[in-house]
Number of protein chains: 4
Amino acid sequence: MLMQAKNSTAKQKERRTKSASFTETGRRAQIVAAAIDVIAEVGYHRASFAKIAEHAGLSSTGMISYHFDGRDDLMREVVTEVLRLGDGYLRPRIEAHTRYADRLRASIEGNLDLLAEYPNHLAAMVDILANLRGGDPGMVAFLEATEANLTVQVEQLRKAQRTGEFGDFDPWVMMRAIRAAIDDVVRRATHDPDLDVRAVGRELADLFDRATRKTP
Amino acid sequence: MLMQAKNSTAKQKERRTKSASFTETGRRAQIVAAAIDVIAEVGYHRASFAKIAEHAGLSSTGMISYHFDGRDDLMREVVTEVLRLGDGYLRPRIEAHTRYADRLRASIEGNLDLLAEYPNHLAAMVDILANLRGGDPGMVAFLEATEANLTVQVEQLRKAQRTGEFGDFDPWVMMRAIRAAIDDVVRRATHDPDLDVRAVGRELADLFDRATRKTP
Amino acid sequence: MLMQAKNSTAKQKERRTKSASFTETGRRAQIVAAAIDVIAEVGYHRASFAKIAEHAGLSSTGMISYHFDGRDDLMREVVTEVLRLGDGYLRPRIEAHTRYADRLRASIEGNLDLLAEYPNHLAAMVDILANLRGGDPGMVAFLEATEANLTVQVEQLRKAQRTGEFGDFDPWVMMRAIRAAIDDVVRRATHDPDLDVRAVGRELADLFDRATRKTP
Amino acid sequence: MLMQAKNSTAKQKERRTKSASFTETGRRAQIVAAAIDVIAEVGYHRASFAKIAEHAGLSSTGMISYHFDGRDDLMREVVTEVLRLGDGYLRPRIEAHTRYADRLRASIEGNLDLLAEYPNHLAAMVDILANLRGGDPGMVAFLEATEANLTVQVEQLRKAQRTGEFGDFDPWVMMRAIRAAIDDVVRRATHDPDLDVRAVGRELADLFDRATRKTP
DNA sequence: CATGAATGAGTATTCATTCAT
DNA sequence: CATGAATGAATACTCATTCAT
């Protein structure tokens, strides 16, 4: 998912109507957590306020509408929360390495380790982002922010190519292939609890190591 | 999407309530075509009968219910139609080659050539299959059929490994990575008409060529 | 149901748009027969043209609309058909007796014998008549005709009272109680195939024999 | 309808999704009341949520869905309400007598007195129960509960036979005949406001008194 | 903050009927 | 006669949102 997280979500915060604090208030966080579980279980579109409220132990959906400025706002918060979680998890693991090949491996394996520990979080985010359409402008801006995040990682690949550590390939295509492969595992893990995601992570890391290496 | 199409769609045919002919009758085909366009545009869940009927020039959603045994039946037909299209398009291009590396390249590039020619078709199918949950048993069976299709392609990879043409890797992980990369392009192409999918196809073919090659 | 059938259905015939013959044409009779079965199985309101057409081996509901002037017309025909059947079955059995008590017993037991032989016919008629509301004027007239039929039987009771064979009671209340008891068995027989309707018939005949007898 | 009401409705309560209070909340009770009127007027199957909502002064059918867990739940509540009403009305009147013949008379006349006071209530219940088919399991269980209620009354007849107060007859057939006669009056009263139901009640009580008496 | 009732648009589906072929 | 497509109204139900309490 992420090679290196950035503070690219800052812009979204401004759209929030209530609660500008960095750490979520109790109720908001509780609702976000419930939303993550419900989305992971039934999918983005079937995750109604009614189901989320029930999962959160709330007796009315009105509470969600009170705390969030609509469904999009809640979904944005879910993604933000997962990005925050992922950033904290991945950044130190990636920055522990200097060579780009090692950083790439740390990124891929780290994502799948994260999946093993928080399966619902990643599943929810992937499902939300996959189902976004250019309806609400706030969500479009959000999608662009996610895209910007990817740009940073592409730049890492480009640097590795310039240093000669990586071979010749289109870094954008490579980056999206990596991301797509990881997200695919996220999706499958939701329905198949027996999937050994860490093993798949190592295998994918090997795969993309060969694909990025300079060919002699 | 497909390395080698199979007759795995035969079982679905029997579940159709009306129209046993192989080639669709006029109205059914028209509705399926409209559904493909609408799904590609607004996504699986937002593709209501109302929108599809309007796109097809029908005066009422009842017409769709008349021709199809519910939403699932229509969606099944959409996927079946796309699989039929893809099979006819890809099979000769793949079978024109004997070496596995060439077949793999033909498969990847062929899928993206197909995408270039029928962007909505692949987008619709990918969106449908991505949003399936274990609700209707008929759709689950369908998903299993798609899975079986993948198994065939995995077997191809395994054969190539046995002949020594391909290196050592987990063929399932490799196959899903390939599929995920292709599907990701399908998704992006829907929203970004400027994307040069054929070029991405060549780039992905190169990428997975390196990833599958026997390392010296 | 019937103590003595009359030609009180003549008026209805005139409302029929097509086919004035006494014995139904093939197609009409076939549809009526199918309607009887379907109504007996799923009930008056759930007996849609689609189900009736399917049961009749017809490929389209349009055929029913062609042969009948709407749903009410079909239902009227169903009742007429059952009344015709019942009349032929009961009249000789009743007229074989001269004493009113014997005629009453023959009527009650005859109705339930008829039920044993044609369970669907009586079930369909009872369900139709029970669900009639004063919407269509043609059906109201029909209901009045059925009421007139009952009047004839009430008159029989009155005669028996005048001759001193029967005791003192309100003949209308008695007649409706008899009819209600019989119809109740008809309804139960539909769902409970193990019900011994002939035995119930004898029991009911005894019951109403006691209820009508002159008390000493 | 009822010779002796029982607490057989307790099981149904648990199936209610909302409102666990014994006395209905305002809106629920209002909707139930509207449903009773509409069902009495147009019949069970034609009593759509739209008509009920309009009768209740609600702006949308969604309000009904909000308060009741589907059509079956509403119908169950209607029957429960009528049973509650009937129980309170009949029980003291029946228990005021000790001899079985008097209890039977009180039951029959009480039912028709109740009908005179609440014509719509009984009409609605009779129509609902008559149109039930084995669709929803919750309704089937309900029907069985009603059946159990009848069993209690049959047992009363049996006791009266053992004491020698009543003659020899099949108590089940007798009980169903009584019920059928009462329900028939309920049905007729809906369409014929001039019917003197109390007078019919006395007449029916006489009728079944003769039918149950020990013949000398 | 929290509740729960209310709203109104939106969902797929079924239905009897009509009509061109 | 018969077909099968088409229509348009009607069905119960879900949803996110609002608002008075």
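In the text below, chain A, chain B and the rest are named by the order of the sequence lines, each starting its count at 1. From a predicted model like this one, the values you see are computed outputs, not experimental measurements.
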Next on the checklist: For residues 41-54 of chain A, which residue pairs pass the side-chain hydrogen bond (donor to acceptor under 3.5 Å, both in side chains) check, not counting sequence neighbours?
Outcome noted: His45(A)-His45(B)
Next on the checklist: If the condition is side-chain hydrogen bond (donor to acceptor under 3.5 Å, both in side chains), which residues does Asn120(C) pass it with, not counting sequence neighbours?
Outcome noted: Asp37(C)
Checklist outcome for this item: Separation of dA16(E) atom P from Asp69(C) atom CG, nearest Å, is 15 Å
Next on the checklist: Checking the side chain of Asn131(B) only, and the main-chain atoms of Asp127(B) only, is there a donor and an acceptor separated by less than 3.5 Å?
Outcome noted: yes
Next on the checklist: Can you give me the dot-bracket string for DNA chain F, 5' to 3', counting Watson-Crick and G-U wobble pairs with both distances under 3.5 Å, using [ ] for crossing pairs and | for partners on another strand?
Outcome noted: .||||||||||||||||||||
Next on the checklist: Does Met63(D) form a side chain to side chain contact (heavy atoms under 4.5 Å, CB included) with Phe49(D)? I'd like the steps, not just the answer.
Outcome noted: CA-CA 9 Å; Met63(D) 196 71 268; Phe49(D) 276 21; over 6 Å; no
Next on the checklist: Which residues pass the ring pair (Phe, Tyr, Trp, His ring centres under 6.0 Å) test with His191(C), not counting sequence neighbours?
Outcome noted: none
Checklist entry - Starting at CD of Gln30(D) and ending at C1' of dA6(E), how long is that distance when rounded to a whole Å? => result 12 Å
Checklist entry - Which residues pass the side-chain contact (heavy atoms from CB on, under 4.5 Å) test with Ala35(C), sequence neighbours left out? => result Ile39(C), Ile52(C), Leu74(C), Val78(C)
Item to check | Polar side-chain atom of Glu77(C) near backbone of Val32(C) as donor-acceptor pair, under 3.5 Å | outcome: no
Item to check | For atom CZ of Arg46(C) and atom P of dT13(E), their distance in whole Å | outcome: 20 Å
Checklist entry - Tell me: CE of Met63(C) to P of dC19(E), nearest whole Å? => result 15 Å
Item to check | Set of residues satisfying side-chain contact (heavy atoms from CB on, under 4.5 Å) with respect to Ala53(A), sequence neighbours excluded | outcome: Leu58(A), Thr61(A), Ile64(A)
Next on the checklist: Let me spell it out: for each of Gly62(B) and Gly62(A), pick the nucleotide of DNA chain E with the closest heavy atom. Which residue's pick is nearer the 5' end?
Outcome noted: Gly62(A)
Item to check | Integer-rounded Å distance: dA12(E) C1' and Leu74(B) CG | outcome: 12 Å
Checklist entry - Quick one: is dG4(F) close enough that its OP1 or OP2 comes under 4.0 Å of any side-chain N or O from His67(B)? => result no
Checklist outcome for this item: Residues in residues 47-61 of chain D with a heavy atom under 4.0 Å of DNA chain E, by number, are Ser59(D), Ser60(D)
Checklist entry - Whole-Å distance between dA6(E) P and Arg28(D) CZ? => result 13 Å
Checklist entry - Taking the side chain of Tyr66(C) as its heavy atoms from C-beta onward, which of dA5(F), dT17(F), dC1(F) lies nearest to it? => result dC1(F)
Checklist entry - How long is the line joining NE2 of His45(B) and C1' of dT14(F), in whole Å? => result 14 Å
Next on the checklist: I'd like to know whether His121(D) forms a side chain to side chain contact (heavy atoms under 4.5 Å, CB included) with Met125(D), so could you lay out the CA-CA distance, the side-chain angles of the two residues, the decisive distance to 0.1 Å, and finally the verdict.
Outcome noted: CA-CA 6 Å; His121(D) 282 68; Met125(D) 181 172 70; over 6 Å; no
Item to check | Integer-rounded Å distance: dC13(F) C1' and Asp73(D) CG | outcome: 13 Å
